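Below you'll find the structure, written out as structure tokens, and then a few comments.
As the structure is a computational prediction, the values presented were derived from the model and not from experiment.
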Amino acid sequence: MSAHSLMLASVKRDHGLAILTLSDGETLRMPRAMLKERPYRGGTPFDRDAFTAFLKERSYPFAMEKAVALLATRARTEKEICDALRKNAYPETTIARVMARLQEAGYIDDADFAGHWAASRAQKGLGSRRIRMELRQKGVDPETIDQTLSAIDENQLRQSARKAAEKAARGRDLTNPGERQKVLAALARRGYDFPLARRALQEVIDDSEDEP
């Protein structure tokens with residue numbers, strides 16, 4: 001089939017994506033937002049070269065708008081922004097250009113993000129291992145994660161572990177080894193290492209024994 005006879009069979013909208021199915025069976029993806037500028041419709045002639053050029057030449061402002069909208073809801077890492085733009089089928093060259101501009105403007109700073117994220121999660125009762133895992137999933141590099149976690153106040157972590165232990169122990173008979181093990185398991189799920197979890201549990205046990 002020649003390029004001149006190629007037709008666009010259908011256009012499916014799927015969240016931030018538009019999926020174009022051609023008459024030869026090929027499927028192409030593009031950012032759904034770009035349909036505002038070029039509303040592709042099924043049953044019309046399709047020029048693959050013109051489509052590729054359109055994405056390359058016009059995707060930047062749409063991608064930047066998407067990135068800024070994401071950052072308006074909360075701070076994000078470089079990986080989170082890149083993943084979101086890739087999910088919406090923005091070209092890699094466009095993504096690189098957007099990221100360079102965001103970094104130049106100071107909108108993307110993984111170290112700053114990691115610091116705020118770690119402090120917030122520690123205040124919500126999560127331990128270092130859980131925070132490390134979350135930062136790794138968000139694409140923060142290992143060295144930055146190490147620096148971030150080393151800056152977390154140890155007293156705050158101990159207090160958070162103690163509160164988490166009190167919550168997990170509520171209603172349990174702590175003289176029962178099995179019940180104590182369940183408390184330790186709950187603390188492990190929240191990301192506290194074993195020594196800190198054991199210490200927090202022991203403090204709760206000591207306090208309960210001191211009660212009249």
Side-chain angles (χ1 to χ4, degrees), residues 1-118 120-121 124 126 130-145 148 191:
M1 183 178 294
S2 69
H4 295 295
S5 60
L6 193 61
M7 300 289 289
L8 179 56
S10 66
V11 178
K12 179 182 177 182
R13 292 164 174 78
D14 183 16
H15 300 290
L17 276 177
I19 302 172
L20 283 59
T21 302
L22 308 185
S23 54
D24 62 0
E26 182 181 4
T27 58
L28 302 172
R29 304 189 328 152
M30 66 176 288
R32 180 173 175 173
M34 294 184 69
L35 289 176
K36 301 173 188 175
E37 187 168 315
R38 186 165 296 184
Y40 287 104
R41 293 185 176 86
T44 58
F46 185 82
D47 186 325
R48 187 184 282 103
D49 292 338
F51 171 80
T52 301
F54 170 58
L55 288 187
K56 181 179 179 181
E57 295 167 7
R58 292 293 305 141
S59 58
Y60 175 74
F62 292 96
M64 180 59 76
E65 182 179 357
K66 173 69 174 179
V68 170
L70 289 169
L71 290 168
T73 59
R74 68 167 174 84
R76 296 174 192 267
T77 63
E78 179 177 348
K79 180 180 184 297
E80 287 182 297
I81 297 295
C82 288
D83 286 350
L85 294 179
R86 289 190 182 105
K87 185 177 180 180
N88 286 175
Y90 286 99
E92 287 297 323
T93 52
T94 298
I95 295 173
R97 185 180 170 192
V98 168
M99 297 312 300
R101 182 69 188 95
L102 292 176
Q103 289 168 350
E104 179 186 349
Y107 293 141
I108 295 289
D109 185 333
D110 281 5
D112 184 66
F113 172 91
H116 284 91
W117 183 271
S120 172
R121 301 299 275 169
K124 291 182 179 179
L126 298 184
R130 175 75 173 270
I131 296 170
R132 180 183 294 277
M133 179 190 70
E134 292 179 347
L135 290 175
R136 188 166 59 242
Q137 290 173 341
K138 291 182 178 299
V140 179
D141 68 84
E143 182 178 352
T144 299
I145 293 175
T148 298

Quick check: are there more than 12 heavy atoms from other residues, nucleotides or ligands sitting under 6.0 Å from [atom1] of [X]?
X      : atom1 : result
Tyr107 : OH    : no
Glu65  : CD    : no
Glu143 : CD    : no
Arg74  : CZ    : yes

Review point. Looking at Ser59 and Thr94, what are the two nearest heavy atoms and their distance?
Key: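 Smallest interatomic distance, heavy atoms only, reads OG-OG1, 2.5 Å.
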Could you tell me the separation between the [atom1] atom of [X] and the [atom2] atom of [Y], rounded to the nearest 0.5 Å?
X      : Y      : atom1 : atom2 : result
Leu102 : Met64  : CG    : CE    : 4.5 Å
Leu35  : Leu20  : CG    : CG    : 7.0 Å
Thr21  : Met7   : OG1   : CE    : 14.0 Å
His15  : Lys87  : NE2   : NZ    : 7.0 Å
Thr144 : Phe113 : OG1   : CZ    : 12.0 Å
Met34  : Tyr90  : CE    : OH    : 7.0 Å

With a 4.5 Å limit on heavy-atom distance, are the side chains of [X] and [Y] in contact?
X      : Y     : value
Leu71  : Arg76 : yes
Thr52  : Pro91 : no
Leu135 : Thr77 : no
Leu70  : Glu80 : no

Check your understanding: If only atom types and distance count, is the side chain of Asp110 paired as donor or acceptor with the main-chain N or O of Glu78 below 3.5 Å?
Key ->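 Yes.
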**Study point:** Pair Tyr40 + Phe46: ring centers closer than 6.0 Å
**Key:**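 Centroid distance Tyr40-Phe46: below 6.0 Å, so yes.
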Check your understanding: So Glu134 and Arg130, salt bridge (charged side-chain N to carboxylate O under 4.0 Å, His left out) or not? Walk me through it.
Key -> CA-CA 6 Å; Glu134 292 179 347; Arg130 175 75 173 270; 3.3 Å; yes
Point to revise | Partners meeting salt bridge (Lys or Arg N to Asp or Glu O under 4.0 Å) with Glu37 (sequence neighbours left out) | key: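 Glu37 satisfies salt bridge (Lys or Arg N to Asp or Glu O under 4.0 Å) with Arg58 once adjacent residues are dropped.
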